[in-house]
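Take a look at the structure below.
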Amino acid sequence: MRHWLVKSEPFKWSWDQQVAAGTTHWDGVRNHLAASHLRAMRLGDRCFFYHSNEGMEIVGIVEVVREAYPDPSDESGKFVMVDLRALAPLPRPVTLKQIKADPRLSDMALVRMSRLSVQPVTDDEWAHICALGGAAA
DNA sequence: GCCAACGTTGGC
DNA sequence: GCCAACGTTGGC
């Protein structure tokens, strides 16, 4: 299983909304690198759900329940979306500040490529963040 | 509110 | 094909 991180601005789409909705279409990605990560996602892969701009912390875990297919909101027909289902919150959200300060996490794309909205997470990073957040890995 | 990073657009 | 201008993201 591979692991990922997806970003959302909470005033546009928050973790609480994701939980209330259950499964959602992760649409609107218009960056080619982010889209290539969406295409690499497989059923059952898990993603951290990160609040950008406000909050700036990882707040929960979602699961890939449908692999990449065309995003109908993209008129060019080039971009894809996946379906994500809320799995579990992080009992203790892990903040960007913590991540930057942690030598084991400071190489994350979240730090290195701050604008990338869909990014891979290594197994080590996944396990470490789950431990910090009090979630089962 | 500012600005750095980065992607896209369009003139040449 | 280069690069300046511009728009967007997202941290501070």
Side-chain angles (χ1 to χ4, degrees):
Chain A
M1 190 203 294
R2 297 183 65 185
H3 296 108
W4 310 91
L5 181 147
V6 296
K7 289 185 187 178
S8 186
E9 300 179 71
F11 52 87
K12 288 184 184 166
W13 184 252
S14 70
W15 171 250
D16 286 347
Q17 287 172 293
Q18 179 74 39
V19 169
T23 297
T24 56
H25 308 305
W26 205 259
D27 62 356
V29 171
R30 293 294 181 273
N31 172 282
H32 292 290
L33 183 55
S36 79
H37 292 142
L38 286 182
R39 288 192 192 89
M41 288 183 181
R42 293 296 169 256
L43 276 181
D45 281 359
R46 291 175 182 185
C47 319
F48 287 130
F49 190 106
Y50 175 79
H51 277 166
S52 61
N53 255 313
E54 286 178 15
M56 293 184 283
E57 57 189 9
I58 296 171
V59 290
I61 296 172
V62 294
E63 181 178 18
V64 177
V65 293
R66 183 171 173 186
E67 294 180 6
Y69 59 107
D71 178 349
S73 72
D74 170 34
E75 291 179 3
S76 76
K78 290 177 186 168
F79 288 98
V80 295
M81 62 184 186
V82 295
D83 288 359
L84 299 178
R85 182 168 63 88
L87 205 63
L90 287 200
R92 296 186 299 273
V94 176
T95 65
L96 180 63
K97 200 173 179 181
Q98 272 179 279
I99 290 168
K100 284 189 163 178
D102 190 325
R104 290 175 62 182
L105 301 175
S106 53
D107 273 345
M108 286 184 73
L110 195 61
V111 178
R112 296 277 171 122
M113 300 189 64
S114 65
R115 288 181 53 197
L116 186 60
S117 61
V118 182
Q119 47 186 265
V121 174
T122 69
D123 290 347
D124 281 351
E125 290 161 352
W126 185 269
H128 191 49
I129 290 170
C130 285
L132 291 174

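Every chain is numbered from 1 and lettered A, B, ... according to where its sequence line falls, protein lines coming before strand lines. Here the structure is a predicted model, which means the values were calculated and not measured.
Residues A:Val118 and A:His37 approach most closely at O-ND1, 2.8 Å, considering heavy atoms. In this structure, A:Ala135 and A:Leu90 approach most closely via the heavy-atom pair CB-CD2, 3.5 Å. Summarising the geometry of A:Asp74 relative to A:Phe79, their closest heavy-atom pair is OD2-N, 2.7 Å, with the distance given to 0.1 Å.
Scored by the side chain to side chain donor-acceptor pair (under 3.5 Å) test, A:Asp71 finds A:Arg30, A:Ser73 as partners (sequence neighbours excluded). With sequence neighbours excluded, no residue satisfies side chain to side chain donor-acceptor pair (under 3.5 Å) with A:Asn31. With sequence neighbours excluded, no residue forms a side chain to side chain donor-acceptor pair (under 3.5 Å) with A:Ser8.
Ring pair A:Trp26/A:Phe49: centre-to-centre distance below 6.0 Å.
Residues A:Arg46 and A:Trp4 have side chains not in contact (no heavy-atom distance under 4.5 Å, counting atoms from C-beta outward).
With a heavy-atom cut-off of 4.0 Å to chain A, the contacted part of DNA chain B has its first and last nucleotide at B:dA5 to B:dT8.
The pair A:Glu67-A:Arg42 meets the salt-bridge criterion, since a charged nitrogen lies less than 4.0 angstrom from a carboxylate oxygen.
The stretch residues 96-104 of chain A touches DNA chain C through A:Leu96, A:Lys100, each having a heavy atom within less than 4.0 Å of the strand. Residues of residues 52-60 of chain A that place a heavy atom closer than 4.0 Å to DNA chain C, in numerical order, are A:Ser52, A:Asn53, A:Met56.
One N or O on the side chain of A:Gln18 and one on the backbone of A:Gly22 form a donor-acceptor pair closer than 3.5 Å.
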